[in-house]
Amino acid sequence: MTDEAAFILFQKGMEALGVKHEVRWVLDEMLRLGRGDSYLQEVLQRRSKGEPLAYIFGHWAFRSHEFHVAPGVLIPRPETEELVDLVLERMRSRNRTFPSWHIVDAGAGSGCLGIALQLEAGNSRPQLDPKLTLIELSEEAWPCLEKNIAQHAPTANLFKGSWLEWPPERIQVLVSNPPYISGVGADKPDESVAEWEPHSALFPEDLRRFPDASGPYRELIRLAQHCVEPGGIAAFELGAPQASWISEHVKQNYPLWSGELVSDMGGKARFWIMQRLA
Ligand code: GLN
């Protein structure tokens, strides 16, 4: 088959799958790898089984950084990129509050959230050079996370365990994109997400106890209370079930904190950012 015929077949196939916009990215990757037409066939075959492009490539961009990804970690999402801006803004405006910064990413997965924050705070003005700790319980996530640490954040600490077991230190920023899908009603992941991405990153373990998937936030807010210094920040990504609950929960139980819900680009309440007042 000529190059052009192979390409047209590939393009038609991708179009039929509803992923025509990915064609360019696949061509870029083919060039990067120095592969020929057989790469297009391989991608189309895997893609037609629903495998996400990020897992086929083995890497994915998050903000301006390229992260290793594999089926053991959640694929970095564009919403989560917005959380980086929200946290950076707040760190910059409080740059004189602390002599040094320590960021903890609880349930780090690929590490994209915490690592992007460290990289960008280090490049920003004022330059903050934060220390970084990544907490991750899932063994399946570790190989990928370790590669990203080696590549982007060689000074970061990796704590292999639950955020409940992490020996608390005094920190200034706690961030997390925990599992928050309840599985109830419309709150379900897309079919391909449910089939391919790690369930431990999507559904909380304690769904039976907290069917609104608020369990991780209850723990994370308690962790923030234990370790974030006055003036410090805790910021989490969340979904609809938690958005309707979290403000009231913090107001009633954590008087030292003031928080706000922030919407994502799609207009959905997606982030909870709270500051420790005292
Ligand atoms: N936003 C993700 C999704 O829609 C869910 C990620 C998570 O639970 N943290 O698939």
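Since we're looking at a predicted model, the values are computed, not measured. Indexing begins at 1, ligand by ligand and atom by atom, following the structure's order.
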Near Glu139 CD, under 6.0 Å, is it more than 12 heavy atoms from other residues, nucleotides or ligands? no
Is it true that, when you exclude Glu66 itself, more than 12 heavy atoms of the residues, nucleotides or ligands shown sit nearer than 6.0 Å to its CD? yes
min-distance protein heavy atom vs atom 1 (N) of ligand 1 -> Tyr180 OH, 3.0 Å
Measure the distance from atom 3 (C) of ligand 1 to every protein heavy atom, then report the residue, atom name and distance (to 0.1 Å) of the closest one. Arg77 NH2, 3.5 Å
Near [X], which atoms of ligand 1 are under 4.0 Å from a heavy atom of that residue?
| X | answer |
| --- | --- |
| Leu202 | 8 (O), 10 (O) |
| Asn177 | 7 (C), 9 (N) |
| Val193 | 10 (O) |
| Ala201 | 7 (C), 8 (O), 9 (N) |
| Glu79 | 1 (N) |

How does Pro179 reach ligand 1, if at all, at less than 4.0 Å between non-hydrogen atoms: by side chain, backbone, both, or neither? backbone
So CD of Gln118 and CG of Leu132: to nearest 0.5 Å the spacing works out to 4.5 Å
Cation-pi geometry met for Lys160 and Trp142 (6.0 Å, 45°): yes
Would the distance check show the side chain of Arg63 and the main-chain N or O of Glu81 forming a donor-acceptor pair, the cut-off being under 3.5 Å? yes
Kindly confirm or rule out an N or O of Pro178 lying under 3.5 angstrom from an N or O of ligand 1. yes
Examine the side chains of Gln242 and Ser214 and answer whether a donor and an acceptor come within less than 3.5 Å of each other. no
Donor + acceptor pair across side chains of Asp190, Ser192 (<3.5 Å): no
State if Glu197 counts as touching ligand 1 under the rule of any non-hydrogen atom under 4.0 Å. no
